Visitor: 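One structure follows; several queries about it will come next.
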Amino acid sequence: MNPSWTHRLGFLIPSVNAVLERDSRLALPASVSAHLGRMPMTRDEPEQLAALADAVPEVTGLLHHAGCDAVVFACTTGSLYEGPGYDTEITRRITAVTGRPASTTSTAAVAALRSLDLRRVVLVSPYEPWLDERVVTFLAAHGIEVTATAGPGLPDPRDSDSVAPAEIAAAAAEVAGDADGVFISCTAFRGLEAAGILRRSLGLPVVSSNEATFWEALRLVGRASGAFPPNGYEDLCR
């Protein structure tokens with residue numbers, strides 16, 4: 001093994017997600033590798049979102065063959081779909097297979113927002129309104145108020161990665177108001193890049209799903225601090 005290769009991180013993602021792999025190359029240190037297991041999903045439909053958790057044991061088992069030091073379920077809505085506590089149940093299913101540290105994107109997002117002391121945030125996502133409401137309810141259960149929502153409202157997650165980061169940032173800026181910060185939800189959305197734009201243009205703290213996911217994975221193996229980095233992925237990749 002290359003002595004500079006320190007950790008292998010595993011991520012469980014919906015099969016439709018074409019963004020997280022690219023983002024991992026932007027956000028993870030060179031000494032850390034990302035390994036992905038894909039769970040069947042092609043649309044943001046209740047049945048498919050609910051089925052993601054059922055796929056966890058089998059997909060985790062295959063990913064475990066790669067010897068990952070930690071595994072994160074990298075889907076925001078898939079890890080909060082059934083409300084508070086659903087994320088911890090998914091984490092339990094992962095650790096039951098691997099015996100290694102694990103977490104989820106929704107768990108990570110709450111931890112990141114709390115570490116920045118963000119209690120009133122704008123939610124930007126590619127979701128339709130009914131799915132935004134799931135996120136709003138989950139965040140509220142953790143003491144985080146959503147002051148406004150914005151985004152293209154796409155029923156097909158395969159369209160999410162076609163939304164340009166500048167467009168995502170512009171949607172957030174329009175509704176920022178007096179919010180403490182911004183949460184850009186969805187691991188198949190180009191929120192990581194949009195977050196960088198928003199930090200410079202608005203001067204507000206921003207957390208994106210993929211940044212929170214990578215930060216959480218690095219924390220699990222002792223490669224990141226307990227506080228989400230102010231500059232997001234630009235700090236994580238160092």
Side-chain angles (χ1 to χ4, degrees), residues 9-14 16-30 32-36 38 70 72-80 103-113 115-116 118 121-127 132 135 139 149-152 154 157-173 176 179 181-220 223-225 227-238:
L9 302 179
F11 300 94
L12 306 179
I13 67 171
V16 73
N17 190 326
V19 174
L20 189 134
E21 286 137 315
R22 179 177 181 275
D23 282 0
S24 71
R25 295 195 294 273
L26 297 174
L28 293 177
V32 175
S33 55
H35 307 274
L36 278 63
R38 305 188 96 86
V72 179
F73 180 98
C75 178
T76 317
T77 50
S79 60
L80 58 76
S103 189
T104 78
T105 294
S106 61
T107 310
V110 168
L113 294 169
S115 79
L116 294 171
L118 300 181
V121 301
V122 167
L123 170 65
V124 186
S125 82
Y127 314 138
D132 271 337
V135 181
L139 293 178
T149 61
L154 302 171
R158 285 172 291 197
D159 295 329
S160 297
D161 59 22
S162 67
V163 183
E167 184 178 341
I168 299 169
V182 179
F183 173 46
I184 306 176
S185 185
C186 186
T187 61
F189 205 32
R190 294 180 66 182
L192 177 147
E193 297 163 275
I197 297 171
L198 281 167
R199 291 183 187 110
R200 292 186 290 273
S201 63
L202 290 184
L204 287 176
V206 184
V207 173
S208 70
S209 284
N210 281 351
E211 289 174 313
T213 298
F214 298 135
W215 170 69
E216 181 82 335
L218 290 169
R219 283 206 305 162
L220 292 176
R223 287 293 304 269
S225 72
F228 184 80
N231 293 316
Y233 78 97
E234 294 178 15
D235 287 338
L236 286 173
C237 67
R238 294 174 183 170

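Worth saying up front: this structure is predicted, and the values here are computed from it rather than measured.
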Visitor: Is a side-chain N or O of R200 found less than 3.5 angstrom from the main chain of G196, in a donor-acceptor match?
Guide: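 Such a contact is found between R200 side chain and G196 backbone.
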
Visitor: With the side chain counted from C-beta on, respond yes when V122 and F183 share a heavy-atom pair under 4.5 Å apart, and no when they do not.
Guide: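 Not in contact.
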
Visitor: For residues F73 and G78, report the shortest heavy-atom separation together with the two atoms involved.
Guide: CE2-C, 3.6 Å

Visitor: Taking the side chain as everything from C-beta on, heavy atoms only, tell me whether P14 gets closer than 4.5 Å to R38.
Guide: no

Visitor: Can you tell if the side chain of S185 reaches within under 4.5 Å of the side chain of L123, non-hydrogen atoms only?
Guide: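 Answer yes - side chains close enough.
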
Visitor: Between S106 and S79, is there a side-chain donor-acceptor contact under 3.5 Å, judged purely by atom types and distance?
Guide: yes

Visitor: Answer yes or no: is there a donor N or O on one side and an acceptor on the other, between the side chain of W215 and the main chain of S225, under 3.5 Å?
Guide: yes

Visitor: Any donor-acceptor pair under 3.5 Å linking the side-chain atoms of T76 with those of S209?
Guide: yes

Visitor: Check step by step if side chain to side chain contact (heavy atoms under 4.5 Å, CB included) holds for V124 and V182.
Guide: CA-CA 7 Å; V124 186; V182 179; 4.1 Å; yes

Visitor: Is any side-chain heavy atom of L36 closer than 4.5 Å to one of L12?
Guide: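 No, every pair of side-chain atoms sits at 4.5 Å or beyond.
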
Visitor: Any chance you could measure I184, atom CD1, to S125, atom OG, to the nearest 0.5 Å?
Guide: 10.5 Å

Visitor: Going from CG on N210 to CG on L20, what distance comes out if it is rounded to the nearest 0.5 angstrom?
Guide: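 Interatomic distance, N210 CG to L20 CG, rounded to 0.5 Å: 4.5 Å.
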
Visitor: On a heavy-atom basis, which atom in L116 and which in P205 lie closest, and how many Å separate them?
Guide: CD1-CB, 4.2 Å

Visitor: Backbone N or O of D23 within a donor-acceptor pair of the R190 side chain at under 3.5 Å?
Guide: no

Visitor: Distance-only check: which donor-acceptor pairs under 3.5 Å involve side-chain atoms of residues 159-168, not counting sequence neighbours?
Guide:
residue, atom, partner, partner atom, Å
S160, OG, P157, O, 3.2
S162, OG, D159, O, 2.5

Visitor: Considering non-hydrogen atoms only, spot the tightest contact between V206 and A195 and give its length.
Guide: CG1-CB, 3.6 Å

Visitor: With heavy-atom distances below 4.5 Å as the criterion, would you say the side chains of V32 and L218 are in contact?
Guide: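 Yes. Closest side-chain heavy atoms under 4.5 Å.
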
Visitor: F11 and F214: ring-ring contact (aromatic ring centres under 6.0 Å, His included), yes or no, with the steps?
Guide: CA-CA 9 Å; F11 300 94; F214 298 135; 5.5 Å; yes

Visitor: Would you say the side chains of T213 and T105 form a donor-acceptor pair under 3.5 Å?
Guide: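 Result is yes, a qualifying pair exists.
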
Visitor: Between E211 and R199, is the closest basic N to carboxylate O distance under 4.0 Å?
Guide: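 Salt bridge: yes.
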
Visitor: Tell me the closest heavy-atom pair linking A176 and L202, and the distance in Å.
Guide: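 Shortest heavy-atom separation between A176 and L202 comes out as CB-CD1, 4.1 Å.
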
Visitor: Can you list, pair by pair, the side-chain donor-acceptor contacts under 3.5 Å of residues 228-237, counting residues two or more places apart and other chains?
Guide:
residue, atom, partner, partner atom, Å
D235, OD1, R238, NH1, 3.2
D235, OD2, N231, N, 3.1

Visitor: Just wondering, do T187 and V19 contact through their side chains at under 4.5 Å, heavy atoms?
Guide: no

Visitor: Between H35 and L9, is the side chain to side chain contact (heavy atoms under 4.5 Å, CB included) condition met? List the steps.
Guide: CA-CA 6 Å; H35 307 274; L9 302 179; 5.9 Å; no

Visitor: Name all residues meeting the side-chain contact (heavy atoms from CB on, under 4.5 Å) criterion together with T77; count only those two or more places apart in sequence or in a different chain, and write none if there are none.
Guide: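 Scan of T77 (side-chain contact (heavy atoms from CB on, under 4.5 Å), adjacent residues dropped) gives L49, C75, Y127, L131, V135.
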
Visitor: Could you measure the distance from the CG atom of L198 to the CD atom of E193? Nearest 0.5 Å is fine.
Guide: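 The distance works out to 12.5 Å.
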
